[in-house]
Amino acid sequence: MTSEHSAEATSAASAGLSRRGLLALGGGIGLAVGATAGGVVGTAASKSTNRASDPRYSFFGEHQSGITTPAQDRLHFAAFDVRDGATVAELIALLQEWTSAATRLMMGLEVSEKGAFGGGAYLPPDDTGEAADLGTAGLTITFGFGRSLFRTTDGADRFGLAALLPSDFSELPTMVNDFLRPELSGGDLCIQACANDPQVAVHAVRNLTRIAIGRATLRWSQLGFGRTSSTSTTQQTPRNLFGQKDGTNNIKAEEADRLRQNVWITQGPPGIVGGSYLIARRIAMNIEVWDGVQLQEQNRVLGRDKKTGAPLSGGGEFTAPDFSAHDSSGMPLIDPRSHVSRAHPDNNNGIAMLRRGYNYVDGNDGTGRLDAGLFFIAFVNQPARFATVHTNMARDDMFAEYLKTTSSSVFLVPAGVLEDEYIGQALFEA
Ligand code: HEM
């Protein structure tokens with residue numbers, strides 16, 4: 001991290017956020033109002049950073065960053081509960097401070113001007129310090145609101161947002177293989193921090209959690225490594241823990257029409273239009289069983305060739321699958337119960353989603369099996385559309401016998417904001 005940016009920028013965040021302060025912060029690095037969040041606004045600012053070429057993304061724009069931003073290598077995801085009895089003023093103050101801190105962190109700055117080392121010997125530092133010298137690492141911070149922030153399950157309207165609860169904001173139906181742990185699911189607020197360095201992502205969540213003290217507490221969190229999707233045509237398709245190329249037919253940043261049709265919310269009050277719904281599911285993968293399955297069967301279960309990623313109907317990785325293609329004995333080349341067949345838009349009324357998940361390994365169980373899987377994240381414009389695909393999958397997908405879902409959540413990701421606004425501001429002023 002570097003402290004060479006403008007004094008206006010640093011004082012805005014250390015003093016808490018004000019409209020003028022945020023404008024100064026944006027102005028200090030020459031961000032244009034209306035720029036697309038997640039757009040590259042530079043590279044890591046200081047010669048002292050380890051990776052001077054890391055991209056620096058803007059926090060501000062029409063949409064939040066961390067959705068169409070080329071998926072980074074690492075994830076720290078966190079969900080929070082707002083303190084019982086907290087007032088709307090306290091919630092707004094928290095969102096203002098989070099906006100200010102996120103802006104600074106994505107610029108490669110510490111959370112305040114005094115930061116990790118400048119607050120004096122007799123005070124705990126404002127910033128925890130472990131990301132000093134690591135640069136931006138391409139950090140993006142994406143905020144989401146749980147349904148309970150609008151209205152709790154027993155109907156309480158804690159923050160005057162109940163009237164704004166979008167009718168589309170549904171929870172997901174229970175699926176086959178759901179073994180959900182409530183303490184690892186849901187929450188009033190969420191933060192998705194993605195970066196190319198795990199320490200930068202963890203530092204962001206850790207410091208935003210500190211800022212929330214007294215107003216919101218960490219409910220659950222998840223670390224992820226190794227992106228399992230591509231969100232830009234500039235990226236190579238990565239592999240998941242089953243060894244498969246994952247993200248081939250994902251929606252990419254360059255596909256404006258598919259994004260408009262499937263990802264961005266287009267109806268509703270200001271602050272929601274331009275947003276999206278984030279689906280997060282922690283899916284344990286039975287990798288020891290999978291590793292004993294013949295390669296041919298692994299291909300059949302997915303519907304794609306494990307090595308090349310090409311559909312079993314032929315062609316290369318990016319050839320469209322042909323679900324009507326048969327072999328000489330009349331058998332379909334892509335099994336109708338394969339994952340690709342069950343999940344493909346052609347078999348789901350055209351519905352697609354932007355996937356942005358990560359691998360995880362959280363130690364092992366008492367029988368020596370890895371607690372490993374996919375922390376699945378998808379962005380969609382309606383949770384019900386996701387549920388349509390998922391239900392179709394859960395009904396018949398041959399993948400299902402290798403999977404067990406332990407956590408499931410839906411968050412509304414508000415639209416992006418301008419440089420003088422805090423995240424979700426339009427909702428509180430509606
Ligand atoms: C551990 C669980 C999962 C694994 C290992 C996995 C893996 C894969 C792989 C390897 C592909 C093919 C390459 C690609 O187009 O990206 C794929 C495609 C896809 N998956 Fe999954 N997936 C999992 C869970 C899910 C879930 C829960 C959903 C939600 C409904 C989902 C939705 C999709 C979709 C929509 C596609 C694209 C299908 C197409 O257009 O061809 N996946 N997945």
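Since we're looking at a predicted model, the values are computed, not measured. Indexing begins at 1, ligand by ligand and atom by atom, following the structure's order.
Residue pairs meeting the salt bridge (charged side-chain N to carboxylate O under 4.0 Å, His left out) criterion with at least one partner in residues 134-153, sequence neighbours excluded, do not occur; the list is empty. Pairs of residues two or more places apart, or lying in two chains, that qualify as ring-ring contact (aromatic ring centres under 6.0 Å, His included) and include a residue from residues 235-265 are His63-Trp264, Phe242-Trp290, Phe242-Phe399.
Heavy atoms only, all atoms of each residue included: Arg227 and Gln236 are closest at NH2-O, 3.0 Å.
Protein residues are said to neighbour a ligand when one of their heavy atoms lies under 4.0 Å from it; for ligand 1 these are Asn240, Phe242, Gln244, Lys245, Asp246, Gly247, Thr248, Asn249, Ile283, Met285, Leu302, Arg304, His339, Val340, Ala343, His344, Pro345, Met353, Arg355, Leu374, Phe376, Phe386, Val389, His390, Met393, Phe399, Leu403.
No close placement of the Phe411 and Tyr277 rings is indicated, their centers lying 6.0 Å or farther apart.
Every residue two or more places apart in sequence or in another chain that forms a side chain to side chain contact (heavy atoms under 4.5 Å, CB included) with Phe225 is listed here: Arg74, Leu241, Asn359, Val361.
Between the Asn250 side chain and the Gly247 main chain, no donor and acceptor come within less than 3.5 Å of each other.
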